[in-house]
Amino acid sequence: MERFPRASAYLKCIEPTCRATYDAGEQLYACERCGGLLDVCYEWSPAALHDILATFDARRASYHPYDQSGVWRFRELFPFATSPSQVVTLGEGNTPLWDAPRSAHYAGLKRLTVKHQGLNPTGSFKDNGMTTGIAQARRLGARAVACASTGNTSASLAAYAARAGMHGIVFIPGGRIAYGKLAQSLDYGAVTLQIEGNFDDAMRLVRDLARTTPLYLLNSVNPFRLEGQKTIAFELLQQRRWQVPDRVVVPGGNLGNVSALGKGFKELHDLGLIPRLPKLTVVQAEGAAPLVRWYAAHRVGNLLPVNRPKTLATAIQIGNPVSWLKAVRALDWTDGICTTVSEQEIADAKAIIGRDGIGCEPASAATVAGLRRLVSEGLVHPEEDVVAILTGSALKDPDFTVQYHTGQLFTDAERETHLAYAEGHLMSTFANAPRQVPGKPDVLRQIILDLLAEPSCPTA
Ligand code: F0G
């Protein structure tokens with residue numbers, strides 16, 4: 001087996017006034033001196049890495065399980081594991097980058113590509129970070145791993161814990177996660193605790209428990225999770241033959257993903273491996289947009305949590321994102337921006353992405369909805385070279401999709417306030433409802449002939 005890359009990894013507080021450092025073998029989720037978030041840092045030798053992109057390319061033809069993982073293929077860029085036995089891989093990453101011409105047209109862009117992280121082993125981008133989080137858990141000798149989750153992190157943790165032979169314990173907001181995600185954590189054998197309250201409540205509880213029990217916390221506040229997640233940046237560049245796009249767009253919830261992408265792009269740039277950085281762009285749902293509000297309030301003070309975050313895109317129904325300071329740092333590094341979109345915009349964008357033959361969950365569709373807004377506001381140029389990250393599979397939340405196409409989609413707010421359903425009714429602008437038809441050949445033949453008499457759909 002080839003030698004496992006080693007560099008001296010250490011933890012470092014991100015607070016400019018602190019910058020305390022710690023050994024990478026310490027079980028820490030925050031700086032002991034100031035409470036700030038931590039980064040995993042490395043003492044790289046740029047000379048040793050100067051030809052590394054060619055090595056990454058060569059590995060795409062390799063049969064070695066580490067090379068076949070779309071995360072561990074890039075292992076020299078996160079050399080913290082101390083033994084190959086720490087690696088638990090399901091072949092994560094390796095997600096496609098597709099042209100999405102109808103979505104581009106809808107957003108007002110000349111061209112748009114989407115990287116579909118929903119094609120990961122458990123159906124979301126969380127697998128990229130979970131494989132590295134589990135590696136660190138093994139390094140520390142953890143027997144039980146835990147997270148709070150809106151559903152995807154819990155599904156991913158459950159699967160990787162099962163593979164690693166560890167106890168998986170997931171804390172989810174009762175009744176507020178999509179069924180597909182709940183089904184996964186049950187099937188993968190995780191202890192599944194439905195908490196009264198929302199994601200932010202579950203997050204607070206699990207952070208406390210991680211201090212008072214031997215649970216190893218695998219939320220994105222754990223910097224080792226973000227090390228795997230940053231490889232989304234590497235893989236998308238590799239798929240573009242290392243050509244940097246103008247912009248990369250992500251939905252924002254707990255803000256770990258944008259933080260990880262920012263770190264990944266910045267490290268490549270600092271190592272001289274890419275010539276510039278893409279502008280990172282975060283899209284939040286209007287009812288769960290604490291980051292966008294903080295920018296609107298001229299970045300003064302600390303982020304004010306949204307107490308009762310609301311969106312049908314349950315993955316991003318988060319009011320108090322733990323990684324917000326890292327997200328701000330990533331937007332500053334890359335000259336990035338953030339925006340919000342309405343429930344209607346998310347629902348319609350999801351249907352349009354579907355017409356490109358691409359299924360995604362509602363949170364992912366916030367990207368295309370956000371781009372449409374930003375193009376119309378003149379903040380994104382129609383000719384920009386843009387990559388949208390679709391974060392989760394459509395199969396995670398089929399209820400949303402069927403309700404949309406059958407005219408049955410209602411906003412959360414209206415359900416909770418018991419107003420007339422009609423007031424919270426979203427329009428099914430691009431509905432494609434199933435039709436009830438008799439099983440009679442004549443009727444069916446006529447339906448087919450009528451359909452063929454219509455012009456076929458243009459691609460843009
Ligand atoms: N999209 C999907 C499908 C997600 O599951 C999440 C987060 C996000 C976007 C937002 O990413 O939190 O890094 O800003 N889901 C977490 C979970 C919170 O528990 O599965 P973020």
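These numbers come from the heavy atoms of this one structure, side chains and all, not from hydrogens, waters or symmetry mates. As the structure is a prediction and not an experimental result, all values here were calculated from the model.
Using modelled atom types, one side-chain atom of N219 and one backbone atom of A148 make a donor-acceptor pair closer than 3.5 Å. Side-chain N or O atoms of D356 include one that pairs as donor or acceptor with a backbone N or O of S103 at under 3.5 Å. Panel note: side chain H116, backbone G118; a donor-acceptor pair is recorded below 3.5 Å. Counting only distance, with no hydrogens or angles, the side chain of K263 and the backbone of V40 share a donor-acceptor pair below 3.5 Å. A distance-only check finds no donor-acceptor pair linking the side chain of S364 to the backbone of C360 [under 3.5 Å]. Distance alone, capped at 3.5 Å, places no donor-acceptor pair between the H167 side chain and the A161 backbone. Put simply, the side chain of Q403 never gets that close to the backbone of T401: no donor and acceptor are under 3.5 Å apart. At distances below 3.5 Å, at least one donor-acceptor pair connects side-chain atoms of Q239 with backbone N or O atoms of T95. Between the side chain of Q238 and the backbone N or O of F56, at least one donor-acceptor pair lies under 3.5 Å. No side-chain donor-acceptor contact under 3.5 Å links Y188 to the backbone of R163.
Note that CD1 of I195 is 12.0 Å distant from OG of S149, once rounded to the nearest 0.5 Å. For the atom pair CD (E267) and CD1 (I274), the distance works out to 10.5 Å, reported to the nearest 0.5 Å. From L217, atom CG reaches atom CZ of F224 across 13.0 Å, with rounding to the nearest 0.5 Å. Separation of atoms CG (L226) and OG (S220) is listed at 5.5 Å; rounding is to 0.5 Å. Distance CZ/F125 to CG/L119: 14.5 Å, rounded to 0.5 Å. Interatomic distance, NE2 of H269 versus OG1 of T334, reported as 11.5 Å (0.5 Å rounding).
Across I52, L53, L268, T231, a single residue satisfies side-chain contact (heavy atoms from CB on, under 4.5 Å) together with F74, and that is T231. Under the side-chain contact (heavy atoms from CB on, under 4.5 Å) rule, Y160 has a single partner from L218, V145, D127, T89, which is D127. Tested against V386, the residues R247, H381, K279 include a single side-chain contact (heavy atoms from CB on, under 4.5 Å) partner, R247.
In summary, the aromatic rings of F78 and W72 are positioned with their centroids under 6.0 Å apart.
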Verdict with supporting geometry, N120 and N128, side-chain hydrogen bond (donor to acceptor under 3.5 Å, both in side chains): CA-CA 8 Å; N120 258 294; N128 284 65; 3.1 Å; yes
Report the C-alpha distance between S124 and K396 in whole Å, list the side-chain angles of each, state the deciding distance to 0.1 Å, and finish with yes or no for side-chain hydrogen bond (donor to acceptor under 3.5 Å, both in side chains). CA-CA 9 Å; S124 85; K396 295 275 189 173; 4.8 Å; no
Assess whether salt bridge (charged side-chain N to carboxylate O under 4.0 Å, His left out) is satisfied between R75 and D67, documenting all intermediate values. CA-CA 9 Å; R75 52 195 173 270; D67 296 342; 2.9 Å; yes
Verify side-chain hydrogen bond (donor to acceptor under 3.5 Å, both in side chains) between S154 and S185, making sure each step is shown before the conclusion. CA-CA 6 Å; S154 49; S185 82; 5.2 Å; no
Starting from the C-alpha separation in whole Å, work towards a yes-or-no answer on side-chain hydrogen bond (donor to acceptor under 3.5 Å, both in side chains) for Y216 and N222. CA-CA 9 Å; Y216 187 56; N222 182 328; 3.0 Å; yes
Verdict with reasoning, V248 to I389, per side chain to side chain contact (heavy atoms under 4.5 Å, CB included): CA-CA 7 Å; V248 175; I389 309 289; 3.8 Å; yes
Show your reasoning for whether salt bridge (charged side-chain N to carboxylate O under 4.0 Å, His left out) applies to R59 and E76. CA-CA 12 Å; R59 286 179 182 160; E76 283 79 2; 2.7 Å; yes
Audit row: I337, Y295, side chain to side chain contact (heavy atoms under 4.5 Å, CB included) steps and yes/no: CA-CA 9 Å; I337 50 176; Y295 272 90; over 6 Å; no
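With hydrogens and angles left out, the side-chain atoms of Y106 and D348 include no donor and acceptor closer than 3.5 Å. Residues R73 and N94 bring a donor and an acceptor atom of their side chains to less than 3.5 Å of each other. Judged purely by distance below 3.5 Å, without hydrogens or angles, the side chains of Q117 and T391 never pair a donor atom with an acceptor atom. E361 and N152 are linked by a side-chain donor-acceptor pair at a separation below 3.5 angstrom, with hydrogens and angles left out of the test.
The two residues T150 and Q317 make their nearest non-hydrogen contact at CG2-O, 4.5 Å. The minimum heavy-atom distance between A164 and I134, with the atom names listed, is CB-CG2, 3.9 Å. In terms of heavy atoms, S259 sits closest to K326 at OG-CB, 3.2 Å. Contact record, V341 with A369: CG1-C, 3.5 Å, taken as the closest heavy-atom pair. Between N198 and P309, the shortest heavy-atom distance links the atoms ND2-CD, 3.7 Å. Shortest non-hydrogen contact noted between F80 and E227 is CE2-CB, 4.2 Å.
Counting heavy atoms of neighbouring residues, nucleotides and ligands inside a 6.0 Å radius, atom CZ of R355 exceeds 12 of them. Residue-environment remark: CD (E377) exceeds the threshold of 12 foreign heavy atoms within 6.0 Å. Crowding of R207 atom CZ: a count of heavy atoms from other residues, nucleotides or ligands under 6.0 Å not exceeding 12.
Side-chain contact between L38 and Y29: absent, with no pair of heavy atoms (C-beta onward) separated by less than 4.5 Å. Annotation: side chain of I316 is not in contact with side chain of Q284 (no heavy-atom distance under 4.5 Å). Side-chain contact between R329 and D39: present, with at least one pair of heavy atoms (C-beta onward) separated by less than 4.5 Å. For the pair V250 and L280, the minimum side-chain heavy-atom distance is 4.5 Å or more.
Remark: E343 does not engage K350 in a salt bridge, criterion side-chain N to carboxylate O under 4.0 Å. Here R373 pairs with E345 in a salt bridge; the nearest charged N to carboxylate O distance falls below 4.0 Å. With respect to R204 and D200, no salt bridge is recorded, no charged nitrogen being found less than 4.0 Å from a carboxylate O. For the pair D57 and R241, the salt-bridge criterion is not met [side-chain N within less than 4.0 Å of a carboxylate O]. Using a cut-off of 4.0 Å between Lys/Arg side-chain N and Asp/Glu carboxylate O, D246 and R276 are scored as salt-bridged.
Aromatic ring pairs are classed by plane angle as parallel below 30°, tilted from 30° to 60° and perpendicular above 60°; the pair W294 and W324 is perpendicular.
Residues that satisfy the salt bridge (charged side-chain N to carboxylate O under 4.0 Å, His left out) test with R111, not counting sequence neighbours, are D99.
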Atom pairs and distances, donor-acceptor, side-chain atoms in residues 444-453, under 3.5 Å, two or more places apart:
from: R445; atom 1: NH1; to: D442; atom 2: OD1; distance (Å): 3.2
from: Q446; atom 1: NE2; to: D450; atom 2: OD1; distance (Å): 3.0

